[in-house]
Every structure is written in structure tokens, then in C-alpha cells.
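Reviewing the structure listed below.
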Amino acid sequence: MIASALLIQNINRIGIFSSLTETEIKELLNYASYEEYKENQMIFNENDSGASLYIVITGKVKIFRVLSDNTIHEISNFTDNEVFGEMSFLDNQARSANAEALCETSLVKLSTDNFEQFSQAFPDAAFRFHKNLITEIQARLRKTNDRYSYHIIWGKTMKTALAKNYEELLQSNIELSASRNFLFNVINSSSDIIIVINDDYEVMLFNSGAERALNYKASDFINKSAKKLFYDELAFDTLIKDVISRKSLSDYEIDLKASDNRKIIVSLSAFTLSPVINNSKFGEGLVLVARDVTQKKILENQLRQNEKMIFLGKAVSEIVHDIKNPLTIVQLSKDSLQIKLEDYRGSQPQLQKDVEVDFGKIDESVERIQQIITNTLEYAKVVPGKKTRIDIMEVAAKSIQLSGINLKDNENITLDLRSVSGSPVYINGNASQLEQVLVNLITNAIQAIKKGIDGKIEVAVGASDGRARVSVTDNGCGIGADDMQYIFEPFYSTKSSDKGTGLGLSICQAIVSQHDGLINVKSGAGGTEFVVDFPLA
Ligand SMILES: Nc1ncnc2c1ncn2[C@@H]1O[C@H](COP(=O)(O)OP(=O)(O)OP(=O)(O)O)[C@@H](O)[C@H]1O
Ligand SMILES: [Mg+2]
């Protein structure tokens, strides 16, 4: 190629050509070729055969590699009066990278073959050029080496730093898991029910207190809807609304549902772990802490019932007293009328007959009223009886015997007594009053079993947790959910008036609480179980 003086001067300033004279460069360029490239045009590709170097006259060249993940790794850029591709020129190996023109670029290309021809003509110049080229490449290699060493040292430092970080991380992980365990133990040793739910009402935490109170395993509910834990799902919706509007709740009474469908009345506190966002999002979660107050509620209820019974007892005694006197007068007047009518026996036989029928009705009604009075008085006079140390098993046996009369018309029913503990269970109590309790419960059980059904009633006696327990279980019709809350109310009965006055259970409750006992009921479609428990003597 024909080279201008300026180009020759410029090339002369380039390191590897600096050992040549301008004339020698001019000669050398005679063996070179001139090439022009457009923007983004490839000059050579990786793995192309090399054996030539390039001098950039004008423009810009990018040297790059395409990595295995198809990303581009840019190695370097060359611009005016810079040389690239000299490695392949020297070792004749394939290209180790790609070269692309970044703009309109003009290059001088010098191939090894052409240089060979130059070497034969100018061996001295070729030797100097080679020496210079090797020195230049050596310098470049040292630079690269330093860069890699730096990377290795940096890598090692990083490794040490990372190891240190890792150790610290490990340590904080241990500490974190220790405090997590501590917290977990605190949460689990609480006798309270602790449940955490997320925005979708799914359970995130279900502590041991909840497992015990509701008779579920945490795994039954983790990541599942909490709604099923509530006796009434509508009440759950209201709870959520209340939390959102009030941000936190305390002493909130709500009914939970145990695994056996038992109603567990709880006093609940609720708070969100982060502020309520968007009026429905609980952020990190909604915490529900609940305490089982079922027994407390039953006791309160019993106390209320007792007060009612005392009041009722007084009222009934007065009413009965007021009825008794006029009733005696009715009876006596009827007797005297009957005597007086004796005189008409012969003359008015038809009248006599009719009057006898009416007298019979009067007798029957008076007797019925007297019976009601006796029963009501009996029910109403729940005064504390004399207590002695008694075996509740004997009380149960006697009650079953007494209930035998009620069973006469119910041959479809079997009534069994079972001792759970196998040994006597002593309590301080009044035997006849406790018999009255069990007879009432057994009578209810008998009345709950329809005719023609294979009825089973079991009275079981046992002891656990320092309490004597007597249960009366039947496979009768069960107690309707709507009736359940009223059954201990005096005069609440679902039976026809000739069968029930609705006083049986209120009497039972009054007697049981006079014995420091509790009466509980579970009922469903399969039947009913009443459990009465007392402190052991
Ligand atoms: N074992 C049971 N099975 C089904 N329902 C029952 C049972 N025990 C009680 N009940 C329900 O509870 C109500 C109240 O019972 P309670 O013993 O107080 O009154 P009663 O049996 O109706 O009348 P009384 O006992 O005064 O003759 C009953 O009417 C019945 O609806
Ligand atoms: Mg009854």
C-alpha cells in the first residue's frame, strides 16, 4: 500500500514499530494491505485463523468474547494508532477473541506471510521489530499477570472475609435459633391459647395451649383456615371486623369449637403484629390470645341459677301455702256435699250417678294438684342436706335401682353401670340428694329415647385430676342447639306438660353446686352425655 508521510510518522510512534526507521516502515507498509470496515462490521471472529496484526488508522475496534451464557465480555478497545491481533501474528494460532468495528474504521493489516517477505528483504529491521514486539507482549503479559494476581489476592481476602462473615452468620444463626427456641418455649408453656393468623385467615402459629384446650394438633391447622376453630363462623367475621376497626381487642368473649365439637367459651385478646394496612391486611399477622372460661361461665351460670332457685323456692312455698288451704276447703266441701247427697240416693238415682262422676273428677284433680304441690315443694326445697363421706358408686347403683320403675314401660332400653376406676370413689355429700340428681338425669335419658329404638344408657363412675366423675350417657334424640342454652333454666321443658315441668335439671344444678361440683353437657345427633364432677373426699 502507498502510505502518506503522516501515517508513517504515526506508526513510527507506536511501541512495536518504534525500533524501525520511517523508511523501513514505508518499506514494511509495502507488504501490508489497507482495509475499511463499516460500523458493527466484524473484522475477525474467535477461532478464525490468525497470523496477522492490525494497526488502527482511524475509527474504533472492540475486542470481545461471547461467554457460555451468551453474555458479551468486552476485553478492550483500540483506536487511532493502536495495534491489535499481535499475539496471533506471533504464534500463528487461531483468534482467541472477536474484533468488531464500532464505527467506520480503517486499518492496516500485516500478515505473517507478508512480514516473512519483508524479513527476507530487511532482516535487520525484522529482527528489531520482533525483539520490540516480544518486549511489548512481555510487558502486556506482566500487566495481565499482575491483574490476575491481584484478583487471586483479592479473592483470598474475600474468602477470608466471607469465612469470617460466615462464622458470624453462623453464630448469629445459633443465637437466633436459641432465642427462637426460647420464645417458642414461652409461647408453648403458656396455658393460654395462642394462635397467629395471616391476611387469608390461615393459621401460622398454633401453640400447645391451643392444642390442649381444643384437642387438635398444630399440624391440623397450620396453613389452613382458622374459621373452623370458631363455633359460629359469623362470629369470626365480626371478630375480624372489630379488630380492624378497633386495632386491638381485650376481654372479647367468643365461642371456639374443640375437635369433638365441644363449645369452648374463651375470653380473647387480639392484636396485629404490624399496623392494619388497607383496612384488611394484618401485615405480619393477627395474634389471638384466648383463655378458656367455659368452667367459669358454667359456675357463674350455676350461681345465677341458685339465686333463681332460692327466689323460686320462697315464691313456690308461699304460693303452695296459699293454694293448700283453699284446696283443703274444696276437698272438705266436696266430702260434706257427698254425705248430704246420700239422702237423695233412692229418689234421684240418675242425679246421684252424674254427681258421683263429677265428684270423681274433683277427687282426681285435687289429687293431681296435691301431687304437683308435693313435687314442686320437693324441687323447691333444695336446702343443703347433711353430708357424709359416701361412695359415689353406691349412689349410682341406688339411682339405677330407683330408675327401674321408669324403665318398666321401656323394655327397649338397657341401663348399665360401669366403674371406670374399679375402686370406690369417695366424696363428701348427701346421698339422697345425689340420688335425686342421677335419677333426674337417667329419667331425662329414658325420655330422650324413642320407643322401638335400641336404647342404651350408661352410668359411669370414675375419678381423675382429684375429682370424682359420674357420667350419664344415652343414645337418645340429643338436645337441639337452640335448646342447649336454656335447659338449666327452671320450667324450661320441651316435653308435654304431663311429662315435664322443666325443673329436673335446675334442681340437679342446685344440688351439684351445693356439693362444690360442676355439671357439663355434650350433645349431638348420636345422643347426650351429662358429666357431673365433685371434689374427692
Ligand atoms: N338426656 C337428654 N336428652 C335429650 N334432651 C334432654 C336430655 N336431658 C334434658 N333434655 C332437655 O332439657 C330439657 C330440660 O330438662 P329438665 O330435666 O330440666 O326438664 P324436663 O325433663 O323437661 O322436665 P322435669 O324434669 O321437670 O320432669 C328437657 O325438656 C329436654 O328438652
Ligand atoms: Mg327432666
Side-chain angles (χ1 to χ4, degrees), residues 261-263 298 301-302 304-306 308-309 311-313 315-316 319-320 368-369 371-382 396 399-400 402-410 412-417 433-460 469-514 517-532:
N261 282 344
R262 239 176 333 120
K263 189 195 276 185
I298 293 174
N301 214 18
Q302 283 191 5
R304 250 201 322 275
Q305 292 290 354
N306 283 352
K308 271 193 201 165
M309 288 305 290
F311 171 78
L312 195 81
V316 165
I319 295 165
V320 163
R368 171 100 180 108
I369 294 170
Q371 186 61 46
I372 291 172
I373 288 172
T374 317
N375 288 349
T376 314
L377 268 181
E378 180 68 19
Y379 278 140
K381 70 159 197 291
V382 186
S399 311
I400 287 188
L402 290 170
S403 305
I405 311 151
N406 293 336
L407 273 177
K408 261 198 240 148
D409 301 335
N410 298 283
N412 57 324
I413 299 175
T414 56
L415 174 57
D416 295 316
L417 174 63
Q433 282 188 330
L434 293 172
E435 278 159 25
Q436 196 183 344
V437 170
L438 292 185
V439 168
N440 276 344
L441 295 180
I442 295 167
T443 307
N444 281 348
I446 295 170
Q447 290 169 344
I449 296 169
K450 288 197 188 88
K451 293 259 182 291
I453 278 178
D454 188 11
K456 281 190 177 55
I457 301 170
E458 185 190 70
V459 180
R469 280 174 216 282
V470 190
S471 61
V472 179
T473 315
D474 66 61
N475 62 347
C477 60
I479 301 170
D482 294 342
D483 296 319
M484 197 54 125
Q485 53 184 317
Y486 302 115
I487 58 171
F488 291 101
E489 295 281 335
F491 301 108
Y492 185 82
S493 176
T494 55
K495 298 164 191 171
S496 55
S497 60
D498 60 326
K499 269 200 167 164
T501 41
L503 280 169
L505 285 178
S506 35
I507 300 296
C508 289
Q509 197 166 59
I511 295 173
V512 168
S513 58
Q514 273 163 20
L518 287 171
I519 181 162
N520 269 307
V521 58
K522 267 192 266 177
S523 191
T528 304
E529 180 187 41
F530 278 89
V531 180
V532 192

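Ligands are counted one by one from 1 in listed order, and the atoms in each one are counted from 1 as well. We use all heavy atoms of the structure for the numbers below, so side chains are in, but hydrogens, waters and symmetry mates are not.
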request  = Report, in ascending order of atom number, the atoms of ligand 1 lying under 4.0 Å from any heavy atom of D474.
outcome  = 1 (N), 2 (C)
ask   = Does any N/O atom on F530 come nearer than 3.5 Å to any N/O atom on ligand 1?
value = no
request  = Run the numbers for me: atoms of ligand 1, each under 4.0 Å from some heavy atom of I479, listed by number.
outcome  = 4 (C), 5 (N), 6 (C)
ask   = Is ligand 1 under 4.0 Å from a heavy atom in the side chain of T494, in the backbone, in both, or in neither?
value = both
message = Taking L505's backbone N and O only, do any of them form a donor-acceptor pair with N440's side chain (distance below 3.5 Å, no angle check)?
response = no
request  = Compute the minimum heavy-atom distance from L503 to ligand 1 and say whether it is under 4.0 Å.
outcome  = yes
task = Looking only at distances, please establish whether an N/O atom of ligand 1 is found under 3.5 Å from an N/O atom of C477.
result = no
message = Distance check, rounded to the nearest 0.5 Å: L415 atom CG versus K456 atom NZ?
response = 12.5 Å
ask   = Are D483 and ligand 1 in contact, using a heavy-atom cut-off of under 4.0 Å?
value = no
query = To the nearest 0.5 Å, what is the distance between NZ (K263) and NZ (K522)?
reply = 15.0 Å
query = Hey, does the side chain of D474 reach the backbone of T528 with a donor-acceptor pair shorter than 3.5 angstrom?
reply = yes
request  = Drop me the distance from I449's CD1 to T414's OG1, to the nearest 0.5 angstrom.
outcome  = 8.0 Å
ask   = Measuring from D454:CG to I413:CD1, what's the distance to the nearest 0.5 Å?
value = 10.0 Å
Closest to atom 2 (C) of ligand 1 (judged by heavy-atom distance), picking from G478, A448, P490 = A448
query = Taking both backbone and side chain into account, is any N, O or S atom of N444 nearer than 2.8 Å to the Mg ion (ligand 2)?
reply = yes
ask   = Okay, side chain of S471, backbone of T473: is any donor-acceptor separation there less than 3.5 Å?
value = no
request  = Name the option, out of G502, S506, S523, that contains the heavy atom nearest to atom 23 (O) of ligand 1.
outcome  = G502
